[in-house]
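Structure, as structure tokens:
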Amino acid sequence: MSELKPKYITTTLPYVNADPHVGFALEMVQVDALARYWRLLGHEVFFNTGTDEHGQKVSQKADEAGRDRQEYTDHYAGEFNRLKEALNLSYNSFVRTTDPAHQAAAQHIWKLCEEAGDIYKKKYRGLYCVGCESFKVESDLVDGKCPEHNTAPEEIEEENYFFKLSNYQVYLEEYLSQEGVIVPEFRRQEALAFVKGGLEDTSISREKKRMDWGVPVPGDDEHVMYVWFDALTNYISCLGWPKDKEGKFKKFWEENDTLQFAGKDQVRFQSILWQAMLKSAGLPATDQVFYHGFINSGGQKMSKSIGNVISPYELVEKYGTDATRYILLRHVHPTDDSDLTWEKMDEYYTANLVNGLGNLTARILKMAETHLDGPIERPTESPFTDEYTEAMNRYDFQAVGDFVWKKVQELDEKITETEPFKLVKEDKEAAQKIIAELAHDLYQIGRLLYPLLPEANERIKKAVLENKKPDNLFNRLTN
């Protein structure tokens, strides 16, 4: 058997200008499910996440709140880090872009790009969207507004440093022409078409007199780095780059496969700008970037003004951790936009968790506790069939969930067909055999649940091996 290679996986870093939203929770849970699956197979996994704490959006929000910028970012970084417990996440690294080690890494990659001749200074006039933290061209706008934030960009003229993205036109076309560097495939085609349309150099600094909350530009006290140039470096600063005293960068980034997860609006940053920065600095490209869709609610994009924003903490409070993970993994499409409402989520929870997995577990283990002479032997054969592993390998978490709940349905049907609770009165031995088979298959379902619902995984396996009906896995909703 060949040695299992180490794996690197990361989320994007959310801005700390507001509380966590369910869209980022989706990304976190997707990455966590994959990291848990890889560890289950025996891989050493480095799972990174964190917070993006610089830029104009953050500084404006802190100033509006009348709070010190660092204190403001400390508060919101804490709110995002709380997701670890709330969603039962297994990340190894939580990088903050205000950390001194990260800032040193951002300055070092700047110097490498500068030494490569890819950074220069010029005066520039452009349309700047604060919400996106990026300059826009007219073709990016709809009716003169940023389509993402529905706001008119500011016209700004200043002297900035620029990164020669245009130098990497040919390289990026070659990189993006490789199948698999982006999943799904239509996002790769989107990125490739954008690059083939011609690349312009991109502004990578801001004048301190206009925006002073950022990583200082090396050798120029009047400028701070553009937030994206700073933040993208987190994917390697989290590994201890550039010093790499512990060898994590060499092990996870240079020698083995790297995978980034991001939202569909991130393609130009993650698969174009970041890959050009890495090439300029003489570093290996990301092996693959997976782009997920957005979560809407009631047919509309989530917005505070509309009042349809869903907080992951609200989900956990109402349904619990495992149920929140279940909803995000099975009832949100992995790559397309999906719609979630409280009514739909109540339905998913009641039908598939309370009346589905929860009821099945209670029925089987009640029969086992009552009619078996003791616990079954712990199953040793693998329940991870090709259908399950292939779905996980293509990041189709919906298909993984469907596979598991197909097993749940099959056990329900087996109980209905065989009626062991009746058969036990006429043929105890035959009934015990069926009940033991049901307990065995339930244990295997528990194992399949580990990447998706880690708490249910533990509770089901423990209950089967103790031959004891557990308390309800999922309580009925009271409102």
Checklist line | Which residues share a salt bridge (charged side-chain N to carboxylate O under 4.0 Å, His left out) with D396, sequence neighbours left out | finding: R394
Check: L13 and D52: which non-hydrogen atoms are nearest, and at how many Å?
Finding: O-CB, 3.6 Å
Margin query: Is any side-chain heavy atom of F397 closer than 4.5 Å to one of Q30?
Written below: yes
Check: Do the two ring centres, one from Y76 and one from F80, sit under 6.0 Å apart?
Finding: no
Checklist line | Pair listing, ring-ring contact (aromatic ring centres under 6.0 Å, His included) test, anchored in residues 416-462, at least two apart | finding: none
Item checked: H54/T73 under side chain to side chain contact (heavy atoms under 4.5 Å, CB included): CA gap, chis, key distance, verdict -> CA-CA 9 Å; H54 290 126; T73 57; over 6 Å; no
Checklist line | Qualifying side-chain hydrogen bond (donor to acceptor under 3.5 Å, both in side chains) pairs, either residue in residues 424-436, two or more places apart | finding: K433-E437
Margin query: Would K7 pass as a cation-pi partner of F46, given that its NZ or CZ must be under 6.0 Å from the six-membered ring centre and within 45 degrees of the axis?
Written below: no
Check: Tell me, which pairs form a ring-ring contact (aromatic ring centres under 6.0 Å, His included) where one or both residues lie in residues 368-389, sequence neighbours left out?
Finding: F384-Y388, Y388-F403
Next item on the list: Check each of Y395, Y235, Y291 against F261 using the ring-ring contact (aromatic ring centres under 6.0 Å, His included) test, and report the only one that passes.
Entry: Y395
Next item on the list: Work out which heavy atom in L365 is nearest to a heavy atom in A463; give both atom names and the distance.
Entry: CD1-CB, 3.4 Å
Next item on the list: Tell me, please, which residues at least two apart from K251 pass side chain to side chain contact (heavy atoms under 4.5 Å, CB included).
Entry: P6, E44, N256
Margin query: Parallel, tilted or perpendicular, judged at 30° and 60°: which one describes the rings of Y326 and W405?
Written below: tilted
Mind listing the side-chain donor-acceptor pairs of residues 465-474 below 3.5 Å, one per line with the distance, residues two or more places apart or on another chain?
residue : atom : partner : partner atom : Å
E466    : OE2  : K462    : NZ           : 3.0
N467    : ND2  : A368    : O            : 3.2

Next item on the list: Would you please indicate yes or no on a ring centroid separation below 6.0 angstrom for Y8 and W253?
Entry: yes
Margin query: Pairing donors with acceptors under 3.5 angstrom, does anything connect the side chains of T385 and E387?
Written below: no
Check: Which heavy-atom pair separates L34 from L259 by the least distance, and what is that distance?
Finding: CD2-CD2, 3.6 Å
Next item on the list: Check side-chain hydrogen bond (donor to acceptor under 3.5 Å, both in side chains) between Q275 and all other residues, then give those that pass, not counting sequence neighbours.
Entry: T286
Next item on the list: Starting from the C-alpha separation in whole Å, work towards a yes-or-no answer on side-chain hydrogen bond (donor to acceptor under 3.5 Å, both in side chains) for E64 and Q60.
Entry: CA-CA 6 Å; E64 287 168 11; Q60 281 186 355; over 6 Å; no
Check: So, E53 versus T97: side-chain donor-acceptor pair below 3.5 Å or not?
Finding: no
Note to self: Using the rule given for side chain to side chain contact (heavy atoms under 4.5 Å, CB included), can you reason through T341 versus I310, listing the C-alpha separation, both sets of side-chain angles and the distance that settles it, and then say yes or no?
What the structure shows: CA-CA 9 Å; T341 62; I310 296 174; over 6 Å; no
Notebook entry, point to check: Does the side-chain hydrogen bond (donor to acceptor under 3.5 Å, both in side chains) test come out yes or no for R188 and S271, once each step is laid out?
Noted result: CA-CA 9 Å; R188 184 177 73 86; S271 291; over 6 Å; no
Note to self: Under 6.0 Å from the ring centre and within 45 degrees of the ring axis: does the NZ or CZ of R82 meet both conditions for the six-membered ring of Y313?
What the structure shows: yes
Checklist line | F290 and T335, any side-chain heavy atoms less than 4.5 Å apart | finding: yes
Notebook entry, point to check: If every non-hydrogen atom of L329 is compared with every non-hydrogen atom of A33, which pair is closest and at what distance?
Noted result: CD1-CB, 4.2 Å
Item checked: N/O donor-acceptor pair under 3.5 Å between N234 side chain and C238 backbone -> no
Checklist line | T11: partners by side chain to side chain contact (heavy atoms under 4.5 Å, CB included), with sequence neighbours left out | finding: F24, E27, M28, V31, F47, T49
Next item on the list: Sorted by first residue and then second, give each salt bridge (Lys or Arg N to Asp or Glu O under 4.0 Å) pair with at least one member in residues 359-385; sequence neighbours left out.
Entry: R363-D412
Item checked: Counterpart residues, side-chain hydrogen bond (donor to acceptor under 3.5 Å, both in side chains), relative to E255 (two or more places apart) -> K250
Check: Heavy atoms, side chains only, cut-off 4.5 Å: are N355 and T350 in contact?
Finding: yes
Item checked: Validation row: W241, H102 side chains within 4.5 angstrom (heavy atoms) -> no
Margin query: Applying side chain to side chain contact (heavy atoms under 4.5 Å, CB included), can you list everything that pairs with Q178, at least two apart in sequence or on another chain?
Written below: Y175, V181
Next item on the list: Using only heavy-atom distances, determine whether the side chains of Q409 and E413 contain a donor-acceptor pair under 3.5 Å.
Entry: yes
Next item on the list: Return yes if some donor-acceptor pair links the side-chain N/O of D339 with the main-chain N/O of G299 below 3.5 Å, else return no.
Entry: yes
Notebook entry, point to check: Does V289 reach the side chain of V183, with side-chain heavy atoms less than 4.5 Å apart?
Noted result: no
Next item on the list: Test the K84-F94 pair against the cation-pi criterion, namely NZ or CZ under 6.0 angstrom from the six-membered ring centroid and within 45° of the ring axis.
Entry: no
Next item on the list: Check side chain to side chain contact (heavy atoms under 4.5 Å, CB included) between N88 and all other residues, then give those that pass, not counting sequence neighbours.
Entry: R36, T321, R325, P454, E455
Next item on the list: Among T10, N81, D32, find the residue that satisfies the side chain to side chain donor-acceptor pair (under 3.5 Å) test when tested with Y91.
Entry: N81
Checklist line | Trace of the side chain to side chain contact (heavy atoms under 4.5 Å, CB included) decision for I460 with L442 | finding: CA-CA 8 Å; I460 289 171; L442 179 64; 3.8 Å; yes
